[in-house]
Protein chains: 2
Amino acid sequence: MSNFEAFFDYIQEISGKLLSANDKHLLMAHFKPKKLRKRQYFLQEGDVCKYIGFIVKGSARTFTVDEKGHEHILKLSLENWWLADFESFYLLTPSRFNIEALEDLEVLQSTNAQIEEFLKHVPAFSAMANAISQNYTIANQKRMQAAISYTAEERYEDLIRNYPQFLQRFPQNMIASYLGLSPETLSRIKKNSFKH
Amino acid sequence: MSNFEAFFDYIQEISGKLLSANDKHLLMAHFKPKKLRKRQYFLQEGDVCKYIGFIVKGSARTFTVDEKGHEHILKLSLENWWLADFESFYLLTPSRFNIEALEDLEVLQSTNAQIEEFLKHVPAFSAMANAISQNYTIANQKRMQAAISYTAEERYEDLIRNYPQFLQRFPQNMIASYLGLSPETLSRIKKNSFKH
DNA sequence: ACATTGAATTGACTTATATCAAGGCTATTT
DNA sequence: AAATAGCCTTGATATAAGTCAATTCAATGT
């Protein structure tokens, strides 16, 4: 299945290790392809995030809804990213988040218990997990720094630098929410940044 | 050395595995005790973060200085936490951060190359690394959500709930900076929160 | 013990960002 | 093709938070 080829390439590239034929069979046996249409939910608030998904195609947003009914986007996710509420996934607690497909979405999904097995038995998989953990730590540190020390305009410029794909793939109001801004404010920032 | 006992206990508790006598000798051979007095720097902006430190005693802050000379605290760290700029430590790039002792500080420190060895040869150590990675991911997700969707007052309440020790150990202006607030604003928030 | 420095508070004022409301444009659905 | 819904922009106004300055108090160094 061509779905899995991209997945295998990704694992091998990021881990720097090769997958054996056996490894590949094991992964194919326990990652299930799942398709969601735009607007469908991968996870709903209150449910346990039983599955982690590797995005083969499409995009999604992870968001909360506050008491005033306002949505706040914590993550925007694209191809070759992992999709889950990790807190709920690791601890098996009810999630505070919703995860919704923003475009038609194809993922390969598996459970926490299965992931533990891959970590034990597939060296490339566990090397990948370590590499991802490093990347996430670095990305989180950068984003947190931006959140506490940058102005709205600087955060937007930072996003353009780090995730230029987002501008192509996501509507501006989603990007505003991801940056912690109102859509109006982002619109004004874009207008003013011409002047600089 | 009593320093190491606390360290070993920590590793065993968080990993759920025991350290052999051999493991302990290996750790003691390659983690060097280091003491810093209050105000001394564990890391300076521009330097590569060669060492990761396990805090045995004391506290530290990780912060940046922006173009206007304002300091922004990204992390506050206490006993049994790991101290490093992980981006610089993993990638061996010059750090954008400073790490300064806020109280007299005792750490056990080691290099990235050594850590790799421990991960390979000490099962409890690598299990600990995986557990920490999960905890960090969860904590980062929470803090990021707070940053984009909470008001200043809600972020402060969140801090009281999650890290009550901070109020005892750190001056209020440090906490304000950690929350991304001016000291004056935090002072006013405290005054007003009596009214609610 | 005295002098100095740093921390916290408060008031007055400024600035950044949110909110509310309206209008126009575009894409999607029927 | 018409109707609809979603998205973006703009203006007017409100609110939250920052800045600057002054004062008090506590902690620290000599």
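None of these values were measured; they are calculated from a predicted model. Chain A is the first sequence line, chain B the second, and so forth, proteins listed ahead of strands; every chain is numbered from 1.
Side-chain contact of B:Ser133 with A:Ser133: a donor-acceptor pair under 3.5 Å is present, judged by distance alone. With 3.5 Å as the limit, one finds a donor-acceptor pair spanning the side chains of A:Lys190 and A:Gln172.
The CD atom of A:Glu184 sits 14 Å away from the C1' atom of C:dA16 (whole-angstrom rounding). Distance, B:Ile189 CD1 to C:dA8 P: 14 Å, rounded to whole Å. As a whole-Å value, the separation of A:Lys190 NZ from D:dT10 P is 11 Å. One atom, CD of A:Glu153, and another, P of C:dT15, lie 16 Å apart when rounded to the nearest Å. The CD-C1' distance, from B:Glu154 to C:dA18, rounds to 14 Å in whole Å. Here the C1' atom of nucleotide C:dG6 and the CZ atom of B:Phe170 are 18 Å apart, to the nearest Å. The distance between atom CG of A:Leu181 and atom P of D:dC8, rounded to the nearest whole Å, is 14 Å. As rounded to whole Å, 16 Å separates atom C1' of D:dG18 from atom CD1 of A:Ile148.
Neither OP1 nor OP2 of D:dG6 sits under 4.0 Å from any side-chain N or O of A:Asn173. At least one side-chain nitrogen or oxygen of A:Lys191 sits closer than 4.0 Å to the OP1 or OP2 atom of D:dT10. OP1 or OP2 of D:dT9 lies within a sub-4.0 Å distance of a side-chain N or O belonging to A:Gln172.
Among D:dT9, D:dG18, D:dA17, the nucleotide with an atom closest to any side-chain atom of A:Ser187 is D:dT9. Among the nucleotides D:dA12, D:dT9, D:dT28, the one closest to the side chain of B:Lys38 is D:dT28. Nearest to the side chain of B:Arg188, among C:dT17, C:dT19, C:dA12, sits C:dA12.
Aromatic rings from B:Tyr178 and B:Phe166 are positioned such that their centres are separated by under 6.0 Å.
Put simply, the side chain of A:Arg155 gets close to the backbone of A:Tyr150: a donor and an acceptor are under 3.5 Å apart.
For the side chain to side chain contact (heavy atoms under 4.5 Å, CB included) with B:Val65, the qualifying choice from B:Glu71, B:His70, B:Arg96 is B:Glu71, the only one to do so.
Contact annotation for B:Leu186: no contact, since no heavy-atom pair falls under 4.0 Å across all strands.
Along DNA chain C, the nucleotide nearest to A:Ala152 and the one nearest to B:Met174 differ in position, and the one closer to the 5' end is contacted by B:Met174. Between B:Ser182 and A:Thr185, it is A:Thr185 whose nearest contact on DNA chain D lies nearer the 5' terminus.
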